Number of protein chains: 2
Amino acid sequence: MKKKKKNENSSKIFEGHDHGACFGDAITQIEDYFIQKKLQLTPLRRKVFEILIEDHKPLGAYEILDKLGKAGFSSSPPIAYRVLDFLIEHGFVHKVQGLNAFIACSNPKHSHFPTFVICRKCEKVAEVSEEKSGLNLPSPEITNFKIEKTTIELTGICSTCENAEIR
Amino acid sequence: MKKKKKNENSSKIFEGHDHGACFGDAITQIEDYFIQKKLQLTPLRRKVFEILIEDHKPLGAYEILDKLGKAGFSSSPPIAYRVLDFLIEHGFVHKVQGLNAFIACSNPKHSHFPTFVICRKCEKVAEVSEEKSGLNLPSPEITNFKIEKTTIELTGICSTCENAEIR
DNA sequence: GATTAGTGTGTTATGTTATAACATGTAATG
DNA sequence: CATTACATGTTATAACATAACACACTAATC
């Protein structure tokens, strides 16, 4: 049997996130990037990004649409999907395949090939950059394949939730 | 500029597959496993597995349903999804998230955490076992997370297709 | 200043993927 | 034979995603 609630050794990847700073930084980063690339950070695009960065968790397209609607934008599906595709293309949003959901990128500068770590119980999702994950080393078996895009998602249970499971 | 069609150095992962043997082996393996685990390899389950192993490429649930229908089985969606879930649970089928499709496992004995390599041009999909991919090394960042399931998919372009692209 | 091309958003309709809820059948067990 | 466990069948609907077309705005060009 395990001790309950001690949580003496939890995964750091789910913690230590100063979201106030993150939010501001993220907005600044996207603004700078758009200026530099001469792209339009329109109210709609900005709003979608803000929605995603707001609580920084994966949201389904239709959840985003609801929020857009409440903010006075159109809420027909193509609106969300188009903007999401655009933001994904430029690295500010990722799709979490296992959840059919979208999440703001934690670090657009670094993570070309991020790993997502998903707790199936508390449903928290952490993004681990390729430098840190150790998961994206090129494989000898795959050296002749030109990787353009990766989907790397690890689903399981985080230490906090595991410690809480007494059974 | 690249030479066309020489293909002197192609990814082995997409080749060297003796499918006649594979098919027979796969059926034998699943039969043995089901007997050993006292599970029922019913006509429906067998048929779904055969459909998937037949040309050994990813099939959508509704493609499988069509084939089931033509083989005289019911073809309402839950039929396929239930059997697929069951086969996935026991490691004989994987879902390729990037394609919303299902594929027979290349090696049910070995691949708990397989990597799928997907050519976006010829749409071939190769399964690389965790031993060979080098992608599933436990990461220091993730050591406190209990991984139950992985989705690892590399999308890009295989050497055959790349050599064929002349532009 | 009309014309054109490019871009961003809006709208309608529809396509695709997946599941909930309930019904039926069958075999093994007490 | 009542109970259960399991497998399959059926209807309806939910959830996710895109096609096709319309319109507005800007900037560049004639």
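Side chains are part of it too, since the values below use all heavy atoms of this structure and drop only hydrogens, waters and symmetry mates. Quick note on labels: first sequence line is chain A, next is B, and so on, each numbered from 1. If you're wondering where the values come from, they're calculated on a predicted model, not measured in any experiment.
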Legend entry - Minimum heavy-atom distance between A:G98 and B:Q97, given as atom pair plus value: CA-NE2, 4.3 Å
Legend entry - 5' to 3' contact window, DNA chain D with chain B (heavy-atom distance under 4.0 Å): D:dC6 to D:dT11
Inset, instruction - Indicate, with a heavy-atom threshold strictly under 4.0 Å, whether A:S74 touches base, sugar-phosphate, or nothing. - result: sugar-phosphate
Legend entry - Verify same cluster id: B:F116, B:F113 (apolar side-chain graph, 4.5 Å): no
Inset, instruction - Using salt bridge (charged side-chain N to carboxylate O under 4.0 Å, His left out) as the criterion, list what pairs up with B:E148, not counting sequence neighbours. - result: A:R120
Legend entry - All side chain to side chain donor-acceptor pair (under 3.5 Å) counterparts of A:S75, not counting sequence neighbours: none
Legend entry - Sugar-phosphate or base contact per nucleotide [nucleotides 25-30 of chain C; S, B, -; heavy atom under 4.0 Å]: ------
Inset, instruction - Determine which pairs satisfy ring pair (Phe, Tyr, Trp, His ring centres under 6.0 Å) with at least one residue from residues 25-48 of chain A, sequence neighbours left out, and list them in order. - result: A:Y33-A:H90, A:Y33-A:F92, A:F34-A:F86
Legend entry - With sequence neighbours excluded, residues passing side chain to side chain donor-acceptor pair (under 3.5 Å) with B:S76: B:S74
Legend entry - Which residue lies more 5' along DNA chain D, comparing B:Y62 with B:G72 via nearest heavy atoms: B:G72
Inset, instruction - If a pair satisfies salt bridge (Lys or Arg N to Asp or Glu O under 4.0 Å) and one of its residues is in residues 26-39 of chain A, list it, with sequence neighbours excluded. - result: A:E31-A:R46
Legend entry - Contact list for DNA chain C against residues 34-60 of chain B - heavy-atom distance below 4.0 Å: none
What side-chain donor-acceptor pairs closer than 3.5 Å can you find for residues 50-73 of chain B, not counting sequence neighbours?
| residue | atom | partner | partner atom | Å |
| --- | --- | --- | --- | --- |
| B:H56 | NE2 | B:A104 | O | 3.1 |
| B:E63 | OE2 | B:G60 | N | 2.9 |

Legend entry - B:S129 side chain reached by B:P114 side chain, heavy atoms, under 4.5 Å: no
Legend entry - Residue list, ring-ring contact (aromatic ring centres under 6.0 Å, His included) with B:Y81, at least two apart or on another chain: none
Inset, instruction - Applying ring-ring contact (aromatic ring centres under 6.0 Å, His included), name anything that partners A:F102, two or more places apart in sequence or on another chain. - result: none
Legend entry - Residue pair A:C158 / A:F14: nearest heavy atoms and the distance that separates them: CB-CE1, 3.7 Å
Inset, instruction - Identify, residue by residue, the members of residues 79-87 of chain A with a heavy atom below 4.0 Å from DNA chain C, and return them in order of residue number, or none. - result: A:I79, A:R82
Inset, instruction - Could you check if a side-chain atom of A:I79 sits within less than 4.5 angstrom of a side-chain atom of A:L44, using non-hydrogen atoms only? - result: yes
